[in-house]
Every structure is written in C-alpha cells, then in structure tokens.
Number of protein chains: 2
Amino acid sequence: MTMLPAVIRRRPANVQVAVDLVILTVRDGHLAVLIIDRGNEPYLGRSALPGGFLHEGEDLLHAAERELHEETGLQGLASHLEQVGTYSAVDRDPRGRILSVAYLAVVPNLPSPVAGTDAVDARWTGIDTGPLAFDHNVILCDAVERARTHLENTPLAASFCQEPFTIGDLRSVYEAVWGVALDPRNFHRKVTGMDGFVVPTGTMRHPPTGRPASLYRCGPARTLYPPLQRPPRG
Amino acid sequence: MTMLPAVIRRRPANVQVAVDLVILTVRDGHLAVLIIDRGNEPYLGRSALPGGFLHEGEDLLHAAERELHEETGLQGLASHLEQVGTYSAVDRDPRGRILSVAYLAVVPNLPSPVAGTDAVDARWTGIDTGPLAFDHNVILCDAVERARTHLENTPLAASFCQEPFTIGDLRSVYEAVWGVALDPRNFHRKVTGMDGFVVPTGTMRHPPTGRPASLYRCGPARTLYPPLQRPPRG
DNA sequence: GCAAAAGTGTTGCTTATACACCCATGT
DNA sequence: ACATGGGTGTATAAGCAACACTTTTGC
C-alpha cells in the first residue's frame with residue numbers, strides 16, 4: 001500500500017445505478033429477446049437491451065417492473081422477474097461510473113411485437129443478435145444461461161406460455177430454450193407425473209388439426225424435484 | 001405507496017454501493033461463516049457480515065477481493081469468489097440509500113480463526129447465527145443456498161479443502177454443507193468416476209489411524225455433468 | 001488381533017429412453 | 001381416408017442405494 005494513492009483510492013466511489021432488462025419469449029419455436037435501438041448518446045443508433053436508471057424511493061425490483069411495463073405494457077404477476085447480476089467494469093459506460101443490475105424477464109409470446117410506450121424502436125430478435133451497446137452481449141449471455149438452468153429446476157417454462165397451456169406448448173418452450181428436440185411422449189409423462197408443476201383445468205384446446213389437447217395451469221410447486229435434466233452438452 | 005410528486009420520483013437515485021462478504025468454511029464437520037462485531041454506528045456492537053464500500057477505480061470483484069484479504073489474509077486464486085446478488089431495499093441502511101452487492105467466498109479451514117488486519121473482532125460461527133445487522137440474515141441465507149446448489153453442479157467443494165485433499169475430505173464438505181450423511185463407498189465411486197472433477201497426485205496421506213488415503217487435486221472441470229444430486233429435502 | 005478408515009464388488013430397485021401403438025379431431 | 005398432434009404401454013438400458021467384503025495402516 002503506497003501512501004499517496006491510498007488517499008485517492010480509499011474514496012468511496014460515486015456511482016449511478018441502472019437497471020437493464022433481458023426480456024425473453026418464444027416466437028416461432030425460437031428463443032427471442034427484446035432489443036431497442038438507442039435514441040441517445042452514447043452508442044446512438046446501436047442496438048441495446050432496454051433499461052433505465054434506478055429512481056429515488058424505489059428498489060431494484062420496482063425499477064425493473066417499471067421498465068418492463070414501459071417496454072411491453074405487461075404489469076403485475078403476469079411475468080417472471082429475476083435478478084441476474086450486477087455489472088461493474090469501471091469503463092463499461094463512457095458517461096462515467098455506472099453500475100448496471102440485470103434482470104431476467106420471461107413473458108408469453110405477445111400478440112403485437114411490443115405494446116410499449118417509450119421505446120418505439122423495440123423489436124424481437126433471436127438471441128444470436130449482433131453486437132450490442134455497452135456490455136449487453138455479456139449480460140444477455142448470462143441471462144440466457146440462467147433461463148436454461150431455471151428450466152431444469154423451476155416451473156419457469158410456464159412463464160413463457162399464456163395460461164391455460166397444453167403440454168405441447170410447454171414442450172416447445174423447452175425445445176426452443178434448450179435448443180434440442182425432446183420426445184413428446186416421455187415429456188408428457190414426466191411433466192404430468194411431477195408433483196405440483198401443472199394442474200389440469202379440465203378443458204380442452206382444439207388445434208387446427210389433430211386431437212384436442214388437455215389444458216393446464218401452473219401448479220403450486222416453486223422448484224422441481226427431481227429436476228428435468230437437460231440432455232448432455234453436444 | 002406515498003403520493004410523492006412524479007417530478008420527485010423520476011429523479012435518478014443518488015446511491016452508494018457497498019460490498020458484503022459471506023465467507024464460508026467447514027470447521028469440525030459444520031458449515032461456518034465469518035462474522036464481525038460492528039465498531040461503528042449504525043448497529044454498533046451488533047454482529048454483521050464483513051464488508052465495505054466500493055472504491056473509486058475498482059470494480060465489484062476487486063472490492064470483494066480487497067475485503068476478503070483484509071478480513072482473512074487470503075489473496076489471489078486461493079479462494080472462490082462469486083456474486084450472489086444485490087440488495088436494494090430503500091430502508092435497508094439508516095445512513096441513507098446504500099445498495100449492497102453480496103459475494104460468496106469459500107475458503108479452506110484456516111489455521112487461526114482469522115489472520116485479518118482490520119476487523120479484530122472477527123470470528124467463525126455456525127450459519128444459524130443470531131440476528132445480524134441490516135439485511136445480513138437474508139444475504140447469508142441466500143449465499144448458503146447458493147453454495148448448496150453449486151456443490152451439485154460445480155467442483156466448488158474443493159474450494160473448502162486445502163490441496164491436496166482426500167476423497168474423505170471432500171465428502172465431509174458435502175455432508176457439512178448439505179447437512180446429510182452420505183455413503184462413503186458410493187461417494188468415492190461417483191467422484192473418482194467423474195470426468196475432470198479430481199486428479200490423483202499419486203501420493204498418500206496417513207491418518208492417525210486407518211488405511212492411508214490417496215490424495216487428489218482439483219481437476220479441470222468447471223461444471224459437473226451429470227450433477228451430484230442432493231438427497232430430497234426432508 | 002483389533003479398531004478405523006479406504007476402497008471394490010454385487011445385487012436389486014428405480015428411473016430414463018426409445019419406440020410401438022392407439023386416440024381424437026379437421027379436412 | 002388421411003394427416004396431425006395427443007396420449008398410453010412396454011421393453012431395454014442406465015443409474016443409484018444398500019451393503020457385504022477386502023485392504024492397509026497404527027496401536
């Protein structure tokens with residue numbers, strides 16, 4: 001420890017805190033993320049994750065809910081929100097010292113691309129989107145990995161579906177997020193045999209063609225035991 | 001919900017950022033956490049997790065490493081550090097708006113309680129410690145749960161051991177963190193049969209009584225597949 | 001020899017996978 | 001009839017828990 005630098009380095013950092021959202025859904029059998037085009041400097045015109053600054057008198061989860069509502073119109077418990085991590089590289093934002101807390105939001109496939117208010121340039125893209133502003137590629141990668149893991153251990157997949165949903169709906173979520181094909185018969189047995197994952201509504205959905213499927217809602221389970229194991233990394 | 005004018009609530013929050021550490025180890029077959037007695041207001045004299053403010057010019061991981069070094073004398077890659085989450089309740093700190101980013105540190109059983117510098121009142125206690133300052137009980141709970149999960153999917157358990165270690169050492173870590181008894185024979189087979197978890201050194205350790213045990217180091221694997229499944233919650 | 005901890009073999013049960021097969025509907 | 005997706009049964013394989021048994025040391 002040197003004397004002079006110590007005086008400088010011991011100063012508590014003066015920081016601002018932003019919240020960035022990774023909003024995931026499944027569209028056309030593929031995992032998609034909501035991306036906006038930035039309207040301000042820095043990175044003007046560049047693609048980025050939606051987000052904004054933490055306001056006075058609100059905690060991070062409220063800030064994330066507010067941003068989610070502004071971007072998608074979704075509100076309340078209709079979606080699943082979870083903290084992914086906090087990103088703090090000193091040079092991550094050219095405006096100064098800004099920490100970003102990333103949240104993962106999983107929403108059902110929305111009818112219109114976005115019913116948001118502020119970010120009119122929002123759009124859904126595949127998760128292999130091009131370069132994003134700031135460190136948003138890293139954040140996106142971490143959030144997707146988190147979603148994949150949570151599919152194994154929690155009923156998160158149901159958050160991708162609008163209730164009520166069929167077992168086939170649920171399976172297509174797993175296939176899209178994990179990027180693998182699953183056996184429909186074994187998947188059906190595993191999910192319906194699991195305790196508290198899904199509960200039948202007693203009603204049916206009639207697809208354009210094929211046998212009607214039983215409809216389900218999300219059950220009371222918060223964790224899946226045993227987990228639905230993802231096939232080996234290939 | 002207060003009726004504050006919108007113009008106030010839209011102001012970006014002015015916050016400070018702290019880093020709090022959950023430093024875990026295994027002592028006498030039990031999971032233990034490093035706790036300090038606070039020397040300043042607020043919560044003067046109360047037990048708390050070690051921590052401090054983020055400094056200028058350092059990111060969160062560096063701040064966590066600095067704090068860990070100040071508290072335990074440990075430095076560099078000898079330990080495992082991982083972000084657990086960011087805690088942001090508006091009233092979590094009476095001094096004002098202070099966010100805390102929690103880090104989990106897993107260290108081998110240290111010879112002396114603590115070889116630290118600053119916090120002379122640091123001590124190891126069981127994880128069922130009494131009430132802590134701030135929201136530190138919640139942070140501790142989250143961090144322990146994270147460690148338990150990571151034992152299933154990563155070679156984290158080796159971070160609790162000083163290298164080289166025996167399979168029995170490793171097993172006692174699982175038993176302490178999970179709080180269950182495991183079959184030594186099946187555990188041995190599972191771990192040694194796993195790809196890249198542990199690599200034999202070729203040397204032996206002679207216990208005071210009993211057959212000598214082969215010594216191992218941590219292998220190259222970063223994730224365990226298939227995971228070492230924890231027995232059902234009971 | 002005896003206690004203690006390491007390590008191996010074996011058995012029986014549980015679970016997963018692959019796939020044959022039947023069901024119910026729209027066209 | 002036939003295409004399409006929903007759902008059940010079953011055989012084979014893989015994995016796991018339980019435990020008998022052998023090995024290697026200190027005393």
Side-chain angles (χ1 to χ4, degrees), chain A residues 26 28-29 151-153 157 161 164-176 178 180-195 197-217 224-234, chain B residues 26 28-29 151-153 157 161 164-176 178 180-195 197-217 224-234:
Chain A
V26 172
D28 310 320
L151 244 51
E152 296 189 79
N153 303 300
C161 303
F165 50 82
T166 70
I167 303 298
D169 294 342
L170 209 57
R171 178 171 48 83
S172 67
V173 168
Y174 277 89
E175 293 181 327
W178 283 350
V180 298
L182 301 174
D183 186 300
R185 292 81 59 109
N186 294 332
F187 182 86
H188 185 281
R189 225 194 323 256
K190 206 181 262 186
V191 167
T192 54
M194 218 155 220
D195 209 33
F197 190 176
V198 295
V199 292
T201 65
T203 57
M204 297 280 201
R205 173 186 299 165
H206 291 250
T209 174
R211 172 177 173 178
S214 296
L215 289 168
Y216 296 83
R217 296 187 183 281
L224 306 181
Y225 194 88
L228 265 133
Q229 200 149 298
R230 163 162 47 153
R233 292 91 160 112
Chain B
V26 172
D28 311 320
L151 244 52
E152 296 188 80
N153 303 299
C161 303
F165 49 82
T166 69
I167 303 296
D169 294 342
L170 209 57
R171 178 171 48 84
S172 68
V173 168
Y174 277 88
E175 293 182 326
W178 283 350
V180 298
L182 300 174
D183 186 300
R185 293 83 61 123
N186 293 332
F187 183 85
H188 185 279
R189 223 192 327 255
K190 204 180 266 186
V191 167
T192 54
M194 218 155 222
D195 209 32
F197 190 176
V198 295
V199 291
T201 64
T203 56
M204 297 280 202
R205 173 186 300 165
H206 291 250
T209 172
R211 175 176 171 178
S214 297
L215 289 167
Y216 295 84
R217 295 187 184 280
L224 304 181
Y225 192 89
L228 265 131
Q229 201 149 296
R230 163 162 46 153
R233 294 92 161 108

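To find a chain, count down the sequence lines: A is the first, B the second, and so on, and within it residues start at 1.
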(message) What is the separation between atom CZ on Arg205(A) and atom C1' on dT4(D), rounded to the nearest whole Å?
(response) 16 Å
(request) Under 4.0 Å between any heavy atoms, over every strand shown, what does Ser214(B) touch: base, sugar-phosphate, or nothing? Just pick one. (result) sugar-phosphate
(message) Both Tyr216(A) and Asp183(B) contact DNA chain D. Taking the nearest nucleotide for each, which residue is further toward the 5' end?
(response) Tyr216(A)
(request) Ignoring hydrogens and angles, tell me if any N or O in the side chain of Glu152(B) forms a donor-acceptor pair with the backbone of Arg230(B) under 3.5 Å. (result) yes
What pairs of nitrogen or oxygen atoms, one from the protein and one from nucleotides 11-14 of chain C, lie under 3.5 Å apart?
none

(request) Could you tell me, to 10°, how much the axis swings from one end of the helix from dG1(C)-dC27(D) to dT27(C)-dA1(D) to the other, five pairs per end? (result) 10°
(message) Output one letter per nucleotide in nucleotides 20-27 of chain D: B when a protein non-hydrogen atom lies under 4.0 Å from the base, S when only the sugar-phosphate is that close, - when neither is.
(response) BB-BBBS-
(request) Report the residues that fulfil side chain to side chain contact (heavy atoms under 4.5 Å, CB included) with Pro226(B), sequence neighbours left out, ordered by chain and then residue number. (result) Gln229(A)
(request) Mind calculating the distance between CZ (Phe165(A)) and P (dG6(D)) to the nearest angstrom? (result) 14 Å
(request) Identify, with sequence neighbours excluded, every residue that meets salt bridge (Lys or Arg N to Asp or Glu O under 4.0 Å) alongside Arg185(A). (result) Asp183(A)
(message) On DNA chain C, does the nearest nucleotide to Arg189(B) precede the nearest nucleotide to Thr166(B) from the 5' side, or the other way round? Give the residue.
(response) Thr166(B)
(request) Would you tell me if any nitrogen or oxygen in the side chain of His188(A) comes within less than 4.0 Å of OP1 or OP2 on dG6(D)? (result) no
(request) Give the rounded distance in Å between these two atoms: CZ of Phe187(A) and C1' of dG7(D). (result) 14 Å
(message) Between Lys190(B) and dG15(D), is there a contact of a side-chain N or O with OP1 or OP2 at under 4.0 Å?
(response) no
(request) Describe the nucleic acid contact of Arg171(A) in one word from base, sugar-phosphate, nothing, applying a heavy-atom distance below 4.0 Å. (result) sugar-phosphate
(request) Would you indicate which nucleotide in dA17(D), dG7(D), dA18(C) comes nearest to any side-chain atom of Asn186(B)? (result) dA17(D)
(request) In whole angstrom, give the distance that lies between atom CG of Leu228(A) and atom C1' of dT17(C). (result) 14 Å
Which donor-acceptor pairs under 3.5 Å do side chains of residues 202-213 of chain B form with protein atoms, sequence neighbours excluded?
residue   : atom : partner   : partner atom : Å
Thr203(B) : OG1  : Thr201(B) : OG1          : 2.7
Arg205(B) : NH1  : Asp169(B) : OD2          : 2.9
Arg205(B) : NH2  : Pro164(B) : O            : 3.1

(message) Without decimals, in angstroms, what is the distance between Leu182(B) CG and dC16(D) P?
(response) 13 Å
